[in-house]
Amino acid sequence: MAAMTSHYRLRFLIVVVVVVSVFAFAGCLEVKQSLSAQELRWGRNSRLRRFSSTPRKNTGAVELEVRRQKIPGLGAKRGEYNSRILIADQARVSSIQSRIRNAISEKEEDSSEAQVPLFSGIKFQTLNYVVTVAVAGRNATVIVDTGSDLTWVQCKPCTSCYAQQDPLFDPSASTSYRNIPCNSTSCLSLQAATGNAGVCGAHRCNYLVDYGDGSYSRGLLALERIDVGGTIIENFVFGCGFKNHGLFGGTAGIMGLGRTPLSLVHQTTAQFGGVFSYCLPTRLLSSYGSLVLGDDPAAYKNSTPISYTRMLQDPQLAPFYFLNLTGMTVGGVPLQEAGFSTGKILIDSGTVITRLPPSVYRAFKAEFVKQFSGHPPAPSFSILDTCFDLSAFEEVTVPRLRMEFEGGGGMTVDVTGIFYFVKKDASQVCLAVASLQYEGQVGIIGNYQQKNQRVVYDTLSSRIGFAEEACGQ
């Protein structure tokens, strides 16, 4: 989104007093933080942290820049763009719920490290986060997706492709590219990874990936050399897409960080030990974060200790990552809701807005509105039904949200993950959490609420960790 002008800053300067629940070894401590409107929206405006593109000594880790860039002409089409993003997000959520429902139905019948560039997809017209890797020496900017397994990029000759900003990958120009045969283990793994079995054609394995919003990718399953933050991965199984369509912005494709054998995490277990983490930046403009492959605490800049919770195991629900949500606090006040007794929730980098079961959402909304009383309401926007007009206020107090997980793990949502600014003048600012349609659906923690967090996925130890970290600052 466009940066605010000097006139806008002078006319609309909000000092936000934030009530934060900080859980330390000594117990719970509430602190307050003053933020301007610009900081509330995008995070602090301090000097940006930069990343090296070379491996870290003794670890093999590499840090790369993560940035958000402006979409030309976005200011004039802000409402349309915001609406399109949330409609696409709802389609993804519906697809995830459908896949979970189908899976449940069927059921009832020594490592090195690497860090790669992770940046906002705003340049590519998506609110998902993207990294740049090299496929056979050619750069490809792909969406980071913990809810997908197969990594794929668009390939020449494209019979039907969407416009992307990087050059299309040309397999005929690579000496390391090889098609995968139909009878291979990788081809047989497509069913678990994509929901669609591999299709045999001319003794080659064809893949099909369908997404809930109507997007899809079709092509050949292949082997290739990829470079992830300076670490070379030989014979990496990926999809070479010759027919692709959908809401992928200007990216080259998808990086799958899910849990089945075809995911990048599983394929690089020998190099990275099945561990990866990310820190998602807050601002849309000039903001940088990091994706770390491998367990390298020296690469983390967290300001609070990492607290871990158990990763739920369910082979029927691959590739998703689940954990148990046992409670929530709003401004330090615990929510009393029976739904937490069965609080299975999914954490997903590809979903934007967090979704809660209706009963939990109602309790959260009621407590938040109670603590945020005195601020006039504004019209709902798309899936967001709790909105405020803050344009007349010089100062507001924003309650902080904390999620509690099984075993003592927890995540305090950064203040920039509380509100979704529909209008730049703050006349329509919405609570950035939505309700699921019915109680039986599984909650989802979206990337909007994961900003300024170090989220660690330790797949071999089956745990997920959270710590506060000022990403890109």
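Note that this is a predicted model, so its numbers are computed, not measured.
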*asked:* For the aromatic rings, using the six-membered ring if either is Trp, is the centroid distance between F405 and F466 under 6.0 Å?
replied: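 Between F405 and F466, the centre distance is under 6.0 Å.
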Quick one: are the ring centres of F248 and Y211 less than 6.0 Å apart?
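Distance test on ring centres: under 6.0 Å, yes.
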Applying side chain to side chain contact (heavy atoms under 4.5 Å, CB included), name anything that partners [X], two or more places apart in sequence or on another chain.
| X | result |
| --- | --- |
| T151 | F236, M255, L264 |
| S462 | M311, Q313 |
| K370 | E367 |

Under the side-chain hydrogen bond (donor to acceptor under 3.5 Å, both in side chains) test, residues paired with [X] that sit two or more places apart:
| X | result |
| --- | --- |
| N139 | none |
| E406 | R310, N324 |
| S303 | none |
| S427 | D425 |

Would you give the length of the straight line joining atom [atom1] of [X] to atom [atom2] of [Y], rounded to the nearest 0.5 angstrom?
| X | Y | atom1 | atom2 | value |
| --- | --- | --- | --- | --- |
| L150 | F238 | CG | CZ | 9.5 Å |
| N302 | E469 | CG | CD | 6.0 Å |
| D166 | T132 | CG | OG1 | 6.5 Å |
| I347 | L325 | CD1 | CG | 11.0 Å |

Tell me whether [X] contacts the main-chain N or O of [Y] through its side chain, where contact means a donor paired with an acceptor under 3.5 Å.
| X | Y | result |
| --- | --- | --- |
| N196 | L208 | yes |
| T146 | G258 | no |
| Q450 | V455 | no |
| Q428 | P379 | yes |

Do the side-chain N and O atoms of [X] and [Y] include a donor-acceptor pair separated by under 3.5 angstrom?
| X | Y | result |
| --- | --- | --- |
| N244 | S217 | yes |
| T354 | Q449 | yes |
| Q154 | Q164 | yes |
| R402 | T329 | no |

All ring-ring contact (aromatic ring centres under 6.0 Å, His included) counterparts of [X], not counting sequence neighbours:
| X | value |
| --- | --- |
| F276 | Y457 |
| Y308 | none |
| F372 | F368, H375, F388, F419 |

Taking only residues two or more places apart in sequence or in another chain, which ones pass salt bridge (Lys or Arg N to Asp or Glu O under 4.0 Å) with D458?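 D458 satisfies salt bridge (Lys or Arg N to Asp or Glu O under 4.0 Å) with R463 once adjacent residues are dropped.
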Review point. Is there any disulfide bond (SG atoms under 2.5 Å apart) pair reaching into residues 414-464, and which pairs are they, with sequence neighbours excluded?
Key: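 Every pair satisfying disulfide bond (SG atoms under 2.5 Å apart) with a residue in residues 414-464: C387-C430.
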Please step through side-chain contact (heavy atoms from CB on, under 4.5 Å) for the pair T268 and L293, ending with a clear verdict. CA-CA 9 Å; T268 59; L293 298 175; 5.5 Å; no
Note to self: Less than 4.5 Å apart, side chain to side chain, heavy atoms only: is that true for Y361 and T386?
What the structure shows: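 A side-chain contact under 4.5 Å exists here.
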Quiz item: Does a salt bridge link D348 with R355, judged by any charged N lying under 4.0 Å from a carboxylate O?
Solution: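 A salt bridge is absent here (no side-chain N lies under 4.0 Å from a carboxylate O).
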